[in-house]
Amino acid sequence: MLVLLAALPGCSLSTVEPLVCEANVECRDAFGIGSVCTDAGTCAVAEVHPRCATIYPSTLTFPVDPAGHYVIGTIFDHSSTTHVGRYRSAQLAVAQANENGGLEGKDFAVVHCDNQDDAVDDQAPRIDGLDKDAASVATAEWLTDVVGVKAIVGPAASSRALQVYDAVAESRDVLIVSPSATGPDLTTIDGTTSTDQAPGLFWRTAPPDDIQAAAISSDMLNSFDADDTDPDVYRTAPSLSVGVVHQTNNYGQGLADAFRDAHVAAGGSVTTFAFDTPSTRNDAVIDALNADVDEIVFVSSDIADIVGFLQAAVTNPNAAGLPIFLTDAARNADVLGADIDGSFDIMRQVRGTVPASPDGTEYQGFVGAYASAYDGADVEPLSYTSQSYDAAWLVMYGHAWALGNEESITGTTIARGFRRVSSGPRTLVRASSWSAVKASFAEGTSIDAVGSSSELAYDPVTGELVTPIDVWRITNYGVPGVEAAFQVVTTYE
């Protein structure tokens with residue numbers, strides 16, 4: 001139920017007459033964040049979106065006094081253990097910033113929105129019946145139109161990041177920062193170059209997939225063990241002929257194309273099998289397993305697809321002993337936790353890639369801080385959590401830059417701050433450095449940020465990161481009493 005607000009001259013919260021309005025922004029300016037213009041043309045307190053009820057701090061209620069808080073948003077799948085780790089990592093950064101003075105007397109708040117799939121044919125909707133694509137756009141529009149956030153961390157998948165960008169970024173001047181949307185085509189969605197005048201409204205804390213694709217090809221051609229007496233040998237000869245089963249979305253098509261280009265240039269051959277639904281996925285898997293190939297790459301950003309592919313491989317005799325390569329989305333605790341009958345042998349045939357996991361001081365500091373904040377939870381098995389932590393810090397860095405150097409805080413002015421983190425004094429992205437970052441930006445000087453995920457060395461022209469790529473395997477899957485884990489076997493620089 002909407003609660004009407006009233007206003008006196010000067011837009012006080014203690015009022016006499018309802019404020020007549022035409023747009024939400026008028027109500028936010030008058031009463032605070034979370035105030036909306038109703039169909040009747042008067043201001044009211046917005047209802048919290050059913051997908052966005054997780055808010056930090058938990059005591060925050062609408063309307064939020066803009067004099068007390070900067071509000072940012074996140075969009076992740078709250079039904080996924082890994083995605084919960086990602087939004088909690090972003091929240092950890094926000095909590096640390098607040099504990100260390102906030103920004104010019106104001107704290108940060110974060111509204112976490114859930115884009116889990118609620119469009120299940122044989123079940124009644126639990127939330128609103130939206131699938132993940134529609135939920136991503138709906139929550140992004142609510143975050144920007146009702147809450148008025150200027151930056152969103154997420155969503156995770158490239159196709160959804162693109163949809164959210166198209167829905168809100170340019171039309172509302174909102175910055176989208178994804179920790180894991182790695183599709184190569186995203187590099188140019190906000191322009192072919194990043195400049196101070198037009199820094200771009202899409203940024204990420206993970207490298208684009210053309211880097212990952214090159215590493216996959218290199219691994220197939222150069223990394224093998226001829227000792228076929230070892231039961232854990234992945235391949236005994238280079239894989240020249242490769243079948244790629246992939247989603248037709250931005251992530252799947254982009255990575256498949258990038259891999260094909262890299263592998264063909266290196267002397268290999270590639271046959272692709274595209275899918276866009278679970279049923280066409282099953283057909284593509286069957287066709288690929290019937291093809292005469294040395295190895296299969298499976299590319300999807302959805303855990304359900306990855307698990308479905310592995311289940312299909314278990315039941316297909318052509319998959320026996322065939323090397324299988326998965327991509328970054330599969331390095332996910334939800335894959336290890338999936339109940340796949342008879343999958344022990346298949347899991348031994350799996351290899352995959354992911355942006356290199358940091359093992360230095362900054363990463364370990366993040367792991368320890370996460371455990372301290374969340375009752376000892378181990379964040380290491382969860383992919384792209386350190387990237388989510390760094391993304392939230394960068395959003396707050398951008399706020400600091402905009403406050404000290406721009407006329408207002410908008411998506412564009414926050415993005416200009418992203419262009420100030422890759423040259424200057426070496427600065428660790430951590431709670432104890434927050435004051436130094438604010439001081440540097442207040443003086444208009446840049447920093448060289450070293451995050452928990454990587455050195456945040458953005459190319460000044462493309463606005464992209466270049467980081468090493470890890471190749472991993474799965475160990476101890478199905479071993480009684482032993483926890484399955486991802487083990488890095490090599491790294492490509």
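With hydrogens and angles disregarded, a donor-acceptor distance shorter than 3.5 Å links the side chain of S80 to the backbone of H83. Judged by distance alone, the side chain of T81 and the main-chain N or O of D334 form no donor-acceptor pair under 3.5 Å. Remark: side-chain polar atoms of S433 are not paired, donor with acceptor, to backbone N or O of V429 under 3.5 angstrom. Formation of a donor-acceptor pair under 3.5 Å by the T195 side chain with backbone atoms of P199 is not found in this model. For the pair S372 (side chain) and G368 (backbone), a donor-acceptor distance under 3.5 Å is absent. A donor-acceptor distance shorter than 3.5 angstrom exists from the side chain of Y374 to the backbone of R88, with no hydrogens or angles considered. Side chain of Q96 to main chain of A93: no donor-acceptor pair is present (N/O by atom type, distance under 3.5 Å, no hydrogens or angles). Checking side-chain atoms of D118 against main-chain N and O of P125 turns up no donor-acceptor pair under 3.5 Å. For D390 (side chain) and S453 (main-chain N/O), a donor-acceptor pair under 3.5 Å exists by modelled atom type. With N115 contributing its side chain and S136 its backbone, the two residues share no donor-acceptor pair below 3.5 Å.
Among all heavy-atom pairs drawn from A457 and L465, the shortest one is N-CD2, 3.5 Å. In this structure, S194 and R419 approach most closely via the heavy-atom pair O-NH1, 2.9 Å. Closest non-hydrogen pair, S422 versus L456, comes out as OG-O, 2.7 Å. Between A333 and L382 the shortest heavy-atom distance is CB-CD2, 3.5 Å. Residues A213 and L255 come closest through the heavy atom pair CB-CD1, 3.8 Å. Contact record, I127 with P50: CG2-CB, 4.3 Å, taken as the closest heavy-atom pair.
The pair D173-K150 does not meet the salt-bridge criterion, since no charged nitrogen lies less than 4.0 angstrom from a carboxylate oxygen. Ion pairing between R160 and D302 holds under the 4.0 Å rule for side-chain N and carboxylate O. At a threshold of 4.0 Å, the pair R172-D145 counts as salt-bridged, since one of the basic side-chain nitrogens sits closer than that to a carboxylate oxygen. The pair R426-D448 fails the salt-bridge criterion, with no side-chain N (NZ, NE, NH1 or NH2) lying under 4.0 Å from an Asp/Glu carboxylate O. A salt bridge is defined here as a Lys NZ or Arg NE, NH1 or NH2 lying under 4.0 Å from an Asp or Glu carboxylate O, and E464 with R204 meets this definition.
Two residues are said to be in side-chain contact when any heavy atoms from C-beta on lie closer than 4.5 Å; H112 and F76 fail this criterion. At least one side-chain heavy atom of L336 sits less than 4.5 Å from a side-chain heavy atom of I474. You'll find the side chain of S388 stays beyond 4.5 Å of the side chain of Y87, heavy atoms only. L175 is not listed as a side-chain neighbour of F202, based on a closest heavy-atom distance of 4.5 Å or more. Proximity of V149 to T144: side-chain heavy atoms (C-beta onward) are separated by under 4.5 Å at one or more points. At a threshold of 4.5 Å between non-hydrogen side-chain atoms, the residues F108 and Y56 do not count as touching. Between T74 and V111 there is no side-chain heavy-atom pair separated by less than 4.5 Å. Counting heavy atoms from C-beta outward, I33 and P63 have side chains that stay 4.5 Å or more apart.
If you take OG on S79 and CG on D114, they are separated by 6.5 Å, rounding to the nearest 0.5 Å. Note: L186 CG to N250 CG = 4.5 Å, rounded to the nearest 0.5 Å. F62 CZ to S35 OG: the interatomic distance, rounded to the nearest 0.5 Å, is 9.0 Å. Rounded to the nearest 0.5 Å, atoms OG1 (T353) and CG (L326) are 8.5 Å apart. S383 OG to N332 CG: the interatomic distance, rounded to the nearest 0.5 Å, is 4.5 Å. With rounding to the nearest 0.5 angstrom, the CD atom of E362 is 8.0 Å from the OH atom of Y389.
Ring orientation note: the planes of Y363 and F366 are tilted relative to one another, at an angle of 30° to 60°.
Tested against V174 for a side-chain contact (heavy atoms from CB on, under 4.5 Å), the candidates I152, T412, T410 yield a single pass: I152. V299 pairs with exactly one of I306, V245, V244 by the side-chain contact (heavy atoms from CB on, under 4.5 Å) rule, that one being V244.
Ring centroids of H246 and F259 are separated by 6.0 Å or more, keeping the two rings apart. Side-chain rings of Y458 and W203 approach one another, their centers coming within less than 6.0 Å. If you look at F298 and F275, their ring centroids are closer than 6.0 Å.
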Pair D117-K132, salt bridge (Lys or Arg N to Asp or Glu O under 4.0 Å): steps then yes or no
CA-CA 5 Å; D117 189 355; K132 294 187 78 167; over 6 Å; no
Hey, mind stepping through Q253 and T248 against side-chain hydrogen bond (donor to acceptor under 3.5 Å, both in side chains) and telling me if it holds?
CA-CA 5 Å; Q253 189 70 58; T248 55; over 6 Å; no
Report the C-alpha distance between H399 and I414 in whole Å, list the side-chain angles of each, state the deciding distance to 0.1 Å, and finish with yes or no for side-chain contact (heavy atoms from CB on, under 4.5 Å).
CA-CA 5 Å; H399 276 75; I414 294 171; 3.4 Å; yes
Checking V45 against T61 for the side-chain contact (heavy atoms from CB on, under 4.5 Å) test, could you report, in this order, the C-alpha distance in whole Å, the side-chain angles of both residues, the deciding distance, and whether it holds?
CA-CA 10 Å; V45 180; T61 57; over 6 Å; no
Salt bridge (Lys or Arg N to Asp or Glu O under 4.0 Å) between D196 and R416, intermediate numbers included
CA-CA 6 Å; D196 284 343; R416 288 197 185 111; over 6 Å; no
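For the pair R420 and F441, the cation does not sit on the ring face, since its NZ or CZ is not both under 6.0 Å from the ring centre and inside 45° of the axis.
For the cysteine pair C27 and C43, the distance separating the two SG atoms is below 2.5 Å.
Dense packing is recorded around CD of Q364, with more than 12 heavy atoms of other residues, nucleotides or ligands lying under 6.0 Å away.
Checked by atom type, the side-chain pair T280/T277 shows a donor-acceptor distance below 3.5 Å. Under 3.5 Å, the side chains of Q116 and R51 contain no donor-acceptor pair of N or O atoms. Of the N and O atoms on the side chains of D209 and T182, at least one donor lies less than 3.5 Å from an acceptor on the other residue. For the residue pair Y384 / D328, a side-chain donor-acceptor distance below 3.5 Å is found, with atom types taken as modelled.
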Side chains of residues 162-170: which donor-acceptor partners sit under 3.5 Å, not counting sequence neighbours?
from, atom 1, to, atom 2, distance (Å)
Y165, OH, E170, OE2, 2.8

